[in-house]
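Structure first, commentary second.
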Amino acid sequence: MILVTGGAGFIGANFILDWLAACDEPVVNLDKLTYAGNLENLASLVRDARYGFVQGDIVDRALLDNLLAVHKPRAIVHFAAESHVDRSIRGPGEFIRTNVEGAFTLLEAARAYWSSLPSAEKAAFRFHHVSTDEVYGSLAPEAAPFAETHPYAPNSPYSASKAASDHLARAWFHTYRLPVSISNCSNNYGPFHFPEKLIPLVITSALAGKPLPVYGDGRQVRDWLYVRDHCVAIRRILAAGRAGETYNVGGDSEMSNIALIGMICALLDALRPRADGLSYARQIVHVADRPGHDRRYAIDARKIERELGWRPSETLASGIEKTVRWYLENEDWTARVQSGAYREWMTRHYGAAHG
Ligand code: NAD
Ligand code: TYD
């Protein structure tokens, strides 16, 4: 079986659903259920014998030791993190605790467990650390996209904490030979994306008749990747990636925020026109810029394509259309996230003892 951390979040939930659709190898999901953890994302697996859930914190070493001893995973896929840049600016402490101390604790627990394995299992073990392109910092408009050799230059508390965890993961391979792989991925989007992030925020605010806030001039560029393509990339790395290696994962889909928001508004205009017939683009407002806002991220994903045959299957146009349709078909999901009702899910489904 495999152990996934942070599987109740956006990418982790998509990964578990994708994993169990692709194979029958069981998954245990360890998640603290912070505001970003939503077990409703995995409601379709409640009665699936291949799936197990444990509520817990990756900083809790005793819990990790117990979990590893009981379940004996052949791999750990580490997603759990605080992930929102704006929250990291307002309160960096939790980012250091989960992203740095948590990664350290998980690496140490994994090392102790891995050291105790018989040699064949030891050789086959893998710790996969999921990271971000934001560790590389900001790119000039004409600069070449980030390759794996690009120097680290994180600018936000979030990206600095992720960079720290990447360095720890790398060091645990070089010093202890723990079989670690790392992926640095660009901005994801798709189903179950928490509506504090740009794309789901724009879709849900547009439908609610609220302003669509553009930070600064809106000309910041991100390289967008449909979340399922990221999940497939991680599966490929687990299956055939080399320990000690980093793989950059990106969508080959650079777009400025203002152009992306325009694209979402045009799709909504066609699929769910406003009652007054005017475009949702009228709801766009420019607001104060994010402090230290990175201007551009872009990924050079040639290594994972060359070595593992991975390429994104969605274009930005096809992925955004799927995403907009998903939010239109799942407005009850958004409503429960926005009202906070999703946090009662454990109690309703498992009883008060787990709530
Ligand atoms: P998310 O915020 O949606 O989910 C994070 C999950 O981790 C939540 O379920 C939360 O409850 C859990 N968690 C947080 N602290 C924990 C702790 N101390 N112990 C156990 N569980 C904890 O994040 P996401 O967008 O799904 O990102 C997942 C991973 O992918 C992160 O490591 C992030 O840095 C990385 N990443 C994200 C993106 C993106 O665009 N979202 C891009 C590249 C890399
Ligand atoms: P976000 O989804 O927070 O991802 P990240 O900061 O990790 O790239 O933001 C994506 C881009 O959109 C980023 O340049 C900040 C910008 N943005 C806005 O312009 N308005 C918003 O309300 C939000 C949340 C983000």
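Predicted model only: the values in this text are computed from it and were never measured. First listed ligand is number 1; within each ligand, the first listed atom is number 1.
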**Study point:** Protein heavy atom at shortest distance from atom 20 (N) of ligand 2
**Key:** Pro213 O, 2.8 Å
Exercise for review: Could you pull out all residues at least two apart from Asp300 that satisfy side chain to side chain donor-acceptor pair (under 3.5 Å)?
Suggested key: Arg302
Review point. Any luck finding a side-chain donor-acceptor pair between Trp172 and Glu108 under 3.5 Å?
Key: yes
**Study point:** Atoms of ligand 2 close to Val214 [distance to a heavy atom under 4.0 angstrom, numbered from 1]
**Key:** 19 (O)
I'd like a table of the close N/O pairs between ligand 1 and the protein (anything under 3.5 Å), one pair per line with both atom names and the distance.
residue  : atom   : partner : partner atom : Å
ligand 1 : 2 (O)  : Ser83   : OG           : 2.7
ligand 1 : 3 (O)  : Phe10   : N            : 3.0
ligand 1 : 9 (O)  : Gly9    : N            : 2.9
ligand 1 : 9 (O)  : Asp31   : OD1          : 3.2
ligand 1 : 9 (O)  : Asp31   : OD2          : 2.6
ligand 1 : 11 (O) : Asp31   : OD1          : 2.6
ligand 1 : 11 (O) : Leu33   : N            : 3.4
ligand 1 : 11 (O) : Thr34   : N            : 3.0
ligand 1 : 11 (O) : Thr34   : OG1          : 3.2
ligand 1 : 18 (N) : Asp57   : OD1          : 3.0
ligand 1 : 18 (N) : Thr98   : OG1          : 3.0
ligand 1 : 19 (N) : Ile58   : N            : 3.0
ligand 1 : 21 (N) : Lys32   : N            : 3.1
ligand 1 : 23 (O) : Ser83   : OG           : 3.3
ligand 1 : 26 (O) : Phe10   : N            : 3.3
ligand 1 : 26 (O) : Ile11   : N            : 2.7
ligand 1 : 32 (O) : Phe79   : O            : 2.8
ligand 1 : 32 (O) : Lys162  : NZ           : 2.6
ligand 1 : 34 (O) : Tyr158  : OH           : 2.7
ligand 1 : 34 (O) : Lys162  : NZ           : 3.1
ligand 1 : 40 (O) : Asn188  : N            : 2.8

Exercise for review: Report the nearest protein non-hydrogen atom to atom 16 (C) of ligand 2: residue, atom name, distance rounded to 0.1 Å.
Suggested key: Asn257 ND2, 3.4 Å
Practice item. Identify, by atom number and element, the atoms of ligand 2 in contact range of Glu196, meaning under 4.0 Å from any of its heavy atoms. Key: 24 (C)
Review point. Can Arg272 be said to sit on top of Tyr280's aromatic six-ring, NZ or CZ under 6.0 Å from centre and within 45° of the ring axis?
Key: no
Practice item. Check the side chains of Arg274 and Gln283 for a donor-acceptor pair under 3.5 angstrom, ignoring hydrogens and angles. Key: yes
Practice item. Go through the structure and list residues passing side-chain contact (heavy atoms from CB on, under 4.5 Å) with Ala109, not counting sequence neighbours. Key: Arg61, Leu64, Asp65, Leu68
Check your understanding: Any donor and acceptor pair, going by atom type alone, linking the side chain of Asn29 with main-chain N or O of Tyr51 inside 3.5 Å?
Key -> no
Review point. For ligand 2, which atoms sit closer than 4.0 Å to a heavy atom of Val85?
Key: 6 (O), 7 (O)
**Study point:** atom 4 (O) of ligand 2: the protein heavy-atom neighbour that sits closest, reported with distance to 0.1 Å
**Key:** Asn187 ND2, 3.3 Å
**Study point:** side chain to side chain donor-acceptor pair (under 3.5 Å) partners of His230, counting only residues at least two apart
**Key:** Asn188
**Study point:** Arg177 to Phe173, cation-pi by 6.0 Å centre distance and 45° axis angle
**Key:** yes
Exercise for review: Establish, from distance only, whether the side-chain atoms of Tyr297 and Glu134 form a donor-acceptor pair under 3.5 Å.
Suggested key: yes
Practice item. Distance to 0.1 Å, residue and atom name: give those for the protein heavy atom nearest to atom 7 (O) of ligand 2. Key: Glu134 OE2, 2.5 Å
Review point. Going by distance alone, is a donor N or O of one side chain under 3.5 Å from an acceptor N or O of the other, for Asn248 and Tyr136?
Key: yes
Practice item. Give the residue, atom name and distance (to 0.1 Å) of the protein heavy atom nearest atom 22 (O) of ligand 2. Key: Leu201 CD2, 3.2 Å
Review point. Under 3.5 Å, side chain of Asn330 to main-chain N/O of Trp333, donor-acceptor pair present?
Key: no
Practice item. Taking the six-membered ring for Trp and the full ring for Phe, Tyr or His, determine whether the centres of Phe192 and Trp326 are under 6.0 Å apart. Key: yes
Check your understanding: Got the closest protein heavy atom to atom 13 (C) of ligand 2, with its distance?
Key -> His293 NE2, 3.5 Å
**Study point:** Per-atom contacts of ligand 2 with His84, taking only distances under 4.0 Å to non-hydrogen atoms
**Key:** 3 (O)
Revision key, fill the gap. Nearest non-hydrogen protein atom to atom 3 (O) of ligand 2, with distance, is Arg290 NH2, 3.1 Å
Point to revise | Taking atom 25 (C) of ligand 2 as the reference point, the nearest protein heavy atom with its distance | key: Tyr215 CE1, 3.5 Å
